[in-house]
Amino acid sequence: MSTTKNTQAHFNETVLVDDQKKQTNDSFLEPYLVILSGLDQGKQHRLRKQFNTLGRTNNTDIKITDTKISRNHGILILYPDKIVLEDQSSTNGCFVDEIRVEQQSIEPTARIRLGNTVMKIEYKNAKEVKAELNLHQAANTDALTNISNRRAFMIRAQEEVSFCIRNKTELAVVMCDVDHFKQTNDTFGHPAGDNVLKDLANILLSEMRQEDLLARFGGEEFIMLLRNTDFNSIKLWAERVRQKVEQFSFVFENITIPTTLSIGVITVKGEKTISLEMLIKKADENLYQAKNKGRNRVEITSEL
């Protein structure tokens, strides 16, 4: 049972988050939860409220991408003179300096671990945080399309494949490629080609669920990973995406640019041990088949 209600009952006085600000000569330092390792490494979350919930779902104040973290794992509680971590009956526990705790005041040098994710509390000013977040985004985001880059995808996707194997769930890896993209660049110019890729990224992003992964894999090629998708469902999904691209009006400087997409898909269930690299290879082989059979089509196989 959660101890949060008990904690709240012992403190009738309202605790202002502003009390946690530390003033320097010309600015305020505010408390941030800084992710040091794991899939969210580099992210920083300002502790805005007295009670800041931690977990792996969107219902928590701070969502952490880690399959070993419970849906509602813990809470960081801000008091005027300290910050306390409280476990919320999580499966794998809350650790402070590698000691499992139920409730613990966090010292400035302490390392917090939930699941495989290590983090710490730091006091920072907004300008400093903005600069650091810009560096993090640059390292993980494709500059043209503003979606994840290949590096970020590979890190996240590896964890998803491991989760699939552990829990014997289904997933699909999708590779797609713009048909005759060189011809588009040669005919309409590279700025027009860039605009096609940006529009395409937005179309694909609109078809993603919160838990799905999308990235620009390189050039005109995009990659996706979708969880809990069986063969028939992903086949219908991929065909819908193909049709949506075919019917979309790609326009640059008042000129319409005909654009289609070839798609290769591989589905797998965790009962079959398979590496991320092999899944990508098989999805790419199916993409090649789609190209070889005339383009603007979907080729899908299953490893079930």
Go through the steps for N140 and R151 under the test side chain to side chain donor-acceptor pair (under 3.5 Å), then give the verdict.
CA-CA 7 Å; N140 293 279; R151 171 187 175 276; 2.7 Å; yes
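- Within the structure, the ring-ring contact (aromatic ring centres under 6.0 Å, His included) test picks out no pair touching residues 180-209 (sequence neighbours left out).
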Under the side-chain contact (heavy atoms from CB on, under 4.5 Å) criterion, do V84 and I106 qualify, and how do the steps go?
CA-CA 6 Å; V84 171; I106 305 301; over 6 Å; no
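- F231 places a side-chain heavy atom less than 4.5 Å from the side chain of I300.
- Within the 4.5 Å cutoff, side-chain heavy atoms of K244 are placed close to those of I203.
- Cation-pi geometry between K49 and F51 is not met at under 6.0 angstrom from the ring centre and within 45 degrees of the axis.
- Taking SG of C176 as the start and CG of N286 as the end, the distance is 13.0 Å to the nearest 0.5 Å.
- A salt bridge (Lys or Arg N to Asp or Glu O under 4.0 Å) check over residues 180-204, counting only residues at least two apart or in different chains, returns the pairs K182-D186.
- Q243 and Q247 are not linked by any side-chain donor-acceptor pair at a separation below 3.5 angstrom, with hydrogens and angles left out of the test.
- Residues satisfying the salt bridge (Lys or Arg N to Asp or Glu O under 4.0 Å) criterion with K282, sequence neighbours excluded, are E303.
- Using a 4.5 Å heavy-atom cutoff, the side chains of D40 and T117 are not in contact.
- A donor-acceptor pair is defined here as one N or O able to donate and one able to accept, closer than 3.5 Å; such a pair exists between the side chain of T60 and the backbone of T57.
- Sorted by first then second residue, the salt bridge (Lys or Arg N to Asp or Glu O under 4.0 Å) pairs that include residues 245-264, not counting sequence neighbours, are R242-E246.
- Residues that satisfy the side-chain hydrogen bond (donor to acceptor under 3.5 Å, both in side chains) test with T169, not counting sequence neighbours, are absent from this structure.
- How far CD of E30 is from CZ of R48: 8.5 Å, rounded to the nearest 0.5 Å.
- Heavy atoms of other residues, nucleotides or ligands lying less than 6.0 angstrom from NZ of K68 number 12 at most.
- Judged purely by atom type and a 3.5 angstrom limit, S90 uses its side chain to pair as donor or acceptor with the backbone of G93.
- Atom CG of L54 and atom NE2 of H45 lie 9.0 Å apart (nearest 0.5 Å).
- Proximity of a side-chain donor or acceptor of R113 to a complementary backbone N or O of V118 within less than 3.5 Å is not detected.
- Interatomic distance, CZ of F217 versus CG of N149, reported as 11.0 Å (0.5 Å rounding).
- Using a 4.5 Å cut-off between side-chain heavy atoms of Ile, Leu, Val, Met, Phe, Trp and Tyr, with links allowed through other members, L144 and I147 fall into the same hydrophobic cluster.
- Under the ring-ring contact (aromatic ring centres under 6.0 Å, His included) criterion, the residue pairs touching residues 239-267 are F248-F250, with sequence neighbours excluded.
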Candidate pair I266 and S302, rule side-chain contact (heavy atoms from CB on, under 4.5 Å), full reasoning
CA-CA 6 Å; I266 180 70; S302 174; 5.8 Å; no
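- The shortest side-chain heavy-atom distance between Q88 and I75 falls under the 4.5 Å cut-off.
- No more than 12 heavy atoms of other residues, nucleotides or ligands lie within 6.0 Å of CZ in R71, so this atom counts as exposed by the packing criterion.
- T53 meets the side-chain hydrogen bond (donor to acceptor under 3.5 Å, both in side chains) test with D61; sequence neighbours excluded.
- Taking the side chain to side chain contact (heavy atoms under 4.5 Å, CB included) definition, one finds that E160 meets it with R156, L213, L225, R227, sequence neighbours left out.
- Side-chain atoms of S70 come within 3.5 Å of backbone atoms of T91 as a donor-acceptor pair (strictly under, hydrogens ignored).
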Apply side-chain contact (heavy atoms from CB on, under 4.5 Å) to F95 and V101, showing your working.
CA-CA 6 Å; F95 292 79; V101 301; over 6 Å; no
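- D142 places a side-chain N or O within 3.5 Å of a backbone atom of T145 that can act as its donor or acceptor partner.
- Between I62 atom CD1 and H73 atom NE2 the span is 13.0 Å, to the nearest 0.5 Å.
- A salt bridge does not link K269 to E170: none of the charged nitrogens lies less than 4.0 Å from a carboxylate oxygen.
- Residues passing the salt bridge (Lys or Arg N to Asp or Glu O under 4.0 Å) test with R150, sequence neighbours excluded: none.
- No more than 12 heavy-atom neighbours from other residues, nucleotides or ligands sit within 6.0 angstrom of OH on Y288.
- The salt bridge (Lys or Arg N to Asp or Glu O under 4.0 Å) analysis of residues 284-299, with sequence neighbours excluded, yields the pairs D177-K291, D179-K291, K281-E285, K293-E299, R297-E299.
- Remark: M154 CE to E159 CD distance equals 14.0 Å, nearest 0.5 Å.
- No path of Ile, Leu, Val, Met, Phe, Trp and Tyr side chains, each step under 4.5 Å between heavy atoms, connects V251 with L200, placing them in separate hydrophobic clusters.
- With sequence neighbours left out, the side chain to side chain contact (heavy atoms under 4.5 Å, CB included) criterion links A172 to T229, I234, V265, T267.
- Under the 4.5 Å side-chain contact rule for hydrophobic residues, L236 and M224 do not share a cluster.
- With a 4.5 Å cut-off on side-chain heavy atoms, V161 and I165 count as touching.
- Contact of the V298 side chain with the K235 side chain is not registered, since no non-hydrogen atoms from C-beta on lie closer than 4.5 Å.
- Residues that satisfy the salt bridge (Lys or Arg N to Asp or Glu O under 4.0 Å) test with D66, not counting sequence neighbours, are absent from this structure.
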Would V174 and L226 count as a side-chain contact (heavy atoms from CB on, under 4.5 Å) here? Give the steps.
CA-CA 8 Å; V174 182; L226 293 85; 3.9 Å; yes
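- A heavy-atom distance below 4.5 Å is found between the side chains of I223 and V173.
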